[in-house]
Amino acid sequence: MATDFQGIATQFVTHYYSTFDTDRKNLAGLYRENSMLTFEGTQQLGAASIAEKLVSLPFRTVKHEFAEPHAQPTPNGGIIILVTGQLKVDEETQPLGYTQAFQLCQDPAGQWFVYNDIFKLSIF
């Protein structure tokens, strides 16, 4: 296994949540037209649809805190990443737990992108 999949996963997750917390519309570049997002059971297909969903979420500010991501290589050189953490939105003082899974793939130019993204709040 020549690819540093754990290092790539850590860098990706740090970049993703930093971008999400500061300007969600800039996440569009991490997805492609064949990417899929499942957000709380609702599915979006394609970079534009995913970006529209993320930008339309009903809060102004968000701050993600997360544990070290877990990562494994997948066939054909991809990486699957599992993230657990907490987020705070707007002026809420009580954080919400969440779990998010990503499958990263490389495009023909060697750029990593999100092929699959599953987000679920940890509310029981």
Side-chain angles (χ1 to χ4, degrees):
M1 283 186 248
T3 301
D4 178 13
F5 59 87
Q6 185 63 49
I8 293 167
T10 299
Q11 288 178 342
F12 166 77
V13 167
T14 300
H15 173 71
Y16 181 89
Y17 291 119
S18 174
T19 304
F20 195 111
D21 293 353
T22 56
D23 196 354
R24 288 177 265 165
K25 72 177 179 298
N26 289 331
L27 292 171
L30 298 176
Y31 298 91
R32 300 295 184 270
E33 289 313 305
N34 58 345
S35 298
M36 179 171 271
L37 166 69
T38 301
F39 189 94
E40 289 293 310
T42 301
Q43 294 183 335
Q44 306 294 323
L45 179 63
S49 179
I50 292 168
E52 182 179 319
K53 172 64 176 179
L54 296 176
V55 169
S56 72
L57 294 173
F59 49 80
R60 292 181 319 280
T61 62
V62 61
K63 175 66 177 145
H64 290 84
E65 295 179 1
F66 51 90
E68 182 72 19
H70 296 278
Q72 294 182 357
T74 63
N76 302 320
I79 302 172
I80 190 163
I81 305 167
L82 181 65
V83 181
T84 57
Q86 296 182 326
L87 59 86
K88 288 185 181 179
V89 295
D90 296 330
E91 282 77 41
E92 290 293 325
T93 57
Q94 187 66 30
L96 300 170
Y98 72 91
T99 301
Q100 191 161 12
F102 301 97
Q103 182 181 8
L104 302 185
C105 294
Q106 286 183 292
D107 63 20
Q111 294 293 317
W112 290 102
F113 71 95
V114 179
Y115 184 73
N116 297 105
D117 180 352
I118 303 171
F119 177 90
K120 179 75 176 129
L121 287 172
S122 301
I123 300 174
F124 301 96

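Across A47 and A28, no two heavy atoms sit closer than the pair CB-O, 3.9 Å. Between D90 and P58 the shortest heavy-atom distance is OD2-O, 4.4 Å. Annotation for Q44 and T42: closest pair NE2-CG2, 3.5 Å, computed over non-hydrogen atoms. Pairing each heavy atom of R24 with each of V55, the nearest pair is NH1-O, 3.7 Å.
Taking hydrophobic clusters as Ile, Leu, Val, Met, Phe, Trp and Tyr residues chained together by side-chain heavy-atom distances below 4.5 Å, F12 shares a cluster with F5. Residue F20 is grouped with residue I81 when hydrophobic side chains (ILVMFWY) are merged at heavy-atom distances under 4.5 angstrom, including chains of intermediate members. Hydrophobic clustering places V62 together with L121 (ILVMFWY residues linked when any side-chain heavy atoms are closer than 4.5 Å, directly or through intermediates). Taken together through direct or relayed side-chain contacts under 4.5 Å among Ile, Leu, Val, Met, Phe, Trp and Tyr, V89 and L54 form part of one hydrophobic cluster. Grouping the Ile, Leu, Val, Met, Phe, Trp and Tyr side chains by contacts below 4.5 angstrom, directly or via other members, places L27 apart from M36.
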Could you walk me through whether F39 and I50 pass side chain to side chain contact (heavy atoms under 4.5 Å, CB included), step by step?
CA-CA 9 Å; F39 189 94; I50 292 168; over 6 Å; no
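Of the inter-residue distances, the one linking D107 atom CG with R32 atom CZ reads 5.0 Å to the nearest 0.5 angstrom. In this structure, NE2 in H64 is found 13.5 Å from NZ in K88, a value given to the nearest 0.5 Å. In this structure, I79 CD1 and Q103 CD are separated by 10.0 Å, a value rounded to the nearest 0.5 Å. In this structure, Q86 CD and K63 NZ are separated by 12.5 Å, a value rounded to the nearest 0.5 Å. Annotation: the span from K53 atom NZ to L37 atom CG amounts to 8.0 Å, rounded to 0.5 Å. A distance of 8.5 Å separates OG1 in T74 from CG in L104, rounded to the nearest 0.5 Å.
Between Y16 and the options F102, F113, W112, F119, a ring-ring contact (aromatic ring centres under 6.0 Å, His included) holds for only F102.
Side chain of S18 to main chain of T14: no donor-acceptor pair is present (N/O by atom type, distance under 3.5 Å, no hydrogens or angles). Between the side chain of Q6 and the backbone N or O of P69 there is at least one donor-acceptor pair closer than 3.5 Å. Judged purely by atom type and a 3.5 angstrom limit, T19 has no side-chain atom pairing as donor or acceptor with the backbone of N26.
Side-chain N/O atoms of Y17 and Q100 include a donor and acceptor closer than 3.5 Å.
When the shell of 6.0 Å around CD of Q72 is examined, it contains 12 or fewer heavy atoms from other residues, nucleotides or ligands. Around CG of D23, the count of heavy atoms belonging to other residues, nucleotides or ligands within 6.0 Å exceeds 12.
Of the charged side-chain nitrogens involved, at least one lies within less than 4.0 Å of a carboxylate oxygen, so that E91 and R60 count as a salt-bridged pair.
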